[in-house]
Amino acid sequence: MKDPLVIAGKSYGSRLLIGTGKYKDFAQTRAAVEASGAEIVTVAIRRTNIGQNANEPSLLEALPPSKFTYLPNTAGCYNAADAVRTLRLARELLDGHDLVKLEVLGDPHTLYPNMPETLKAAEQLVAEGFKVMVYCSDDPIQAQMLEAAGCVAIMPLASLIGSGMGILNPWNLQLVIDKVKVPVIVDAGVGTASDASIAMELGCDGVLMNTAVALARDPVMMARAMKKALEAGREAFLAGRMPKKLYSAAPSSPSEGKIAPKAA
Amino acid sequence: MIQVTVNGAAQRFEQPLPVSALIEKMALAGKKIAVEKNGEIVPRSLHQKTLVENGDQLEIVVAVGGG
């Protein structure tokens, strides 16, 4: 595998992680995930319907856990205790699977992370043997605290969940990338392909997205676009961009050998 | 008669019953689910041995689409 994304010792060929919410149906979910090339898919844990359609299609049939790495999340949890309980249920549900996405939200309007509760939950989950990928603010100090707590990936927001506002503070993301050694994956805020490229050009190790794909007019085409955007951004980062300068003192074409200026 | 809470809704049963029997009564047998009783996970291997009693609070969950 060339240039793999390594999380908790496991290598992944794709740097795009994709959410499975908000699609029209499971067929579209599956088609978009396949078009994106993503190997890691996030899922939510929710109460099952009791006494309703027993033959309801299930996500696990549409996206078999044998083919994709599931990343159960704690979406909708507003305190550490609920997040820990949710992921214990996820581990039981997924036969001991321990790679998880922790998110503890601060309020329902912004879905901004509650960082004290996030850190508390991270410590508890690591102690229980979970491999924790953590949604967090783009604060480099908090990111280092989460890394010190044993999280296997730091996942700062680029802008609010579901907002599609793009990379609002590239400087803070840069600080997070510089400060932590585990993978940094932008989680939330990406709206279109160029946003994903910018994240990768900054040096992020990956991007996690859901709404940008699911709510595109053509989710499958957007999934394909995102795949290319991540690859382009990653290669641009590895290639090393030219320095920015306001004026170019060096034109790209030779200064010598120009034809004689026309006589006045 | 016992009353228990399953996913927030009251359910009545003739008498205490194993988690596995409750799962069957709820038409969830064979489904990929996880069960929590009074805040603690009930591992699949203990569904037959673990008794649901009056006043117990159960959560039964599945994986659904999410970001």
Side-chain angles (χ1 to χ4, degrees), chain A residues 17-23 25-26 28-29 33 41-56 58-63 65 70-76 81 85-86 88-97 101 103 111 135 161-162 187-188 208-214, chain B:
Chain A
L17 291 74
I18 203 157
T20 58
K22 300 185 187 170
Y23 291 93
D25 52 33
F26 286 141
Q28 190 184 61
T29 311
V33 170
V41 296
T42 64
V43 299
I45 304 299
R46 289 290 179 273
R47 285 171 164 175
T48 183
N49 288 329
I50 305 268
Q52 292 178 21
N53 182 7
N55 296 316
E56 218 177 347
S58 95
L59 181 69
L60 285 98
E61 286 156 19
L63 296 172
Y70 269 38
L71 190 63
N73 70 26
T74 61
R85 272 175 69 204
T86 298
R88 286 176 184 152
L89 279 163
R91 182 158 65 178
E92 164 66 14
L93 181 70
L94 299 171
D95 308 311
H97 174 83
K101 173 183 160 179
E103 57 182 293
L111 304 180
Y135 167 66
I161 292 175
D187 179 4
L208 195 166
M209 64 180 76
N210 188 346
T211 313
V213 173
Chain B
M1 191 68 104
I2 64 162
Q3 182 171 314
V4 301
T5 307
V6 182
N7 290 354
Q11 303 277 349
R12 288 169 201 280
F13 299 101
E14 289 297 320
Q15 55 196 18
L17 73 173
V19 169
S20 52
L22 181 138
I23 289 171
E24 273 181 38
K25 282 185 190 290
M26 303 263 135
L28 295 170
K31 298 259 175 200
K32 194 87 171 162
I33 54 168
V35 180
E36 184 196 68
K37 192 183 85 158
N38 302 332
E40 302 289 334
I41 297 291
V42 183
R44 216 163 289 144
S45 59
L46 297 179
H47 282 188
Q48 293 199 343
K49 284 187 195 163
T50 306
L51 218 52
V52 178
E53 292 171 288
N54 193 41
D56 280 349
Q57 304 262 348
L58 282 98
E59 296 285 348
I60 305 179
V61 301
V62 290
V64 302

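Below, chains carry the letters A, B, ... as their sequence lines are ordered, and counting in each starts from 1.
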Out of [options], which one racks up the most heavy-atom pairs below 4.5 Å with chain B?
options                          : value
R88(A), M209(A), K22(A), E103(A) : R88(A)
D187(A), T29(A), T42(A)          : T42(A)
V43(A), L208(A), V41(A), L63(A)  : V43(A)
I45(A), L93(A), L59(A)           : L93(A)

Honestly, the part of K101(A) sitting under 4.5 Å from a heavy atom of chain B is side chain
Bottom line for L60(A): the part with an atom under 4.5 Å from chain B's heavy atoms is side chain
Ordered numerically, the heavy-atom neighbours of chain A under 4.5 Å found in residues 55-67 of chain B are E59(B), I60(B), V61(B), V62(B), A63(B), V64(B), G65(B), G66(B), G67(B)
Okay, Q11(B) and chain A: the region with an atom under 4.5 Å from a heavy atom over there is side chain
* Any chance CD of Q28(A) has more than 12 other-residue heavy atoms, nucleotides or ligands included, within less than 6.0 Å? -> yes
Distance (rounded to the nearest 0.5 Å) between [X] [atom1] and [Y] [atom2]:
X      : Y      : atom1 : atom2 : answer
N49(A) : L28(B) : CG    : CG    : 9.5 Å
I33(B) : E92(A) : CD1   : CD    : 9.0 Å
T48(A) : K32(B) : OG1   : NZ    : 14.0 Å

Closest non-hydrogen atoms of E36(B) and L89(A), given as atom of the first, atom of the second and distance, are CB-CD2, 3.7 Å
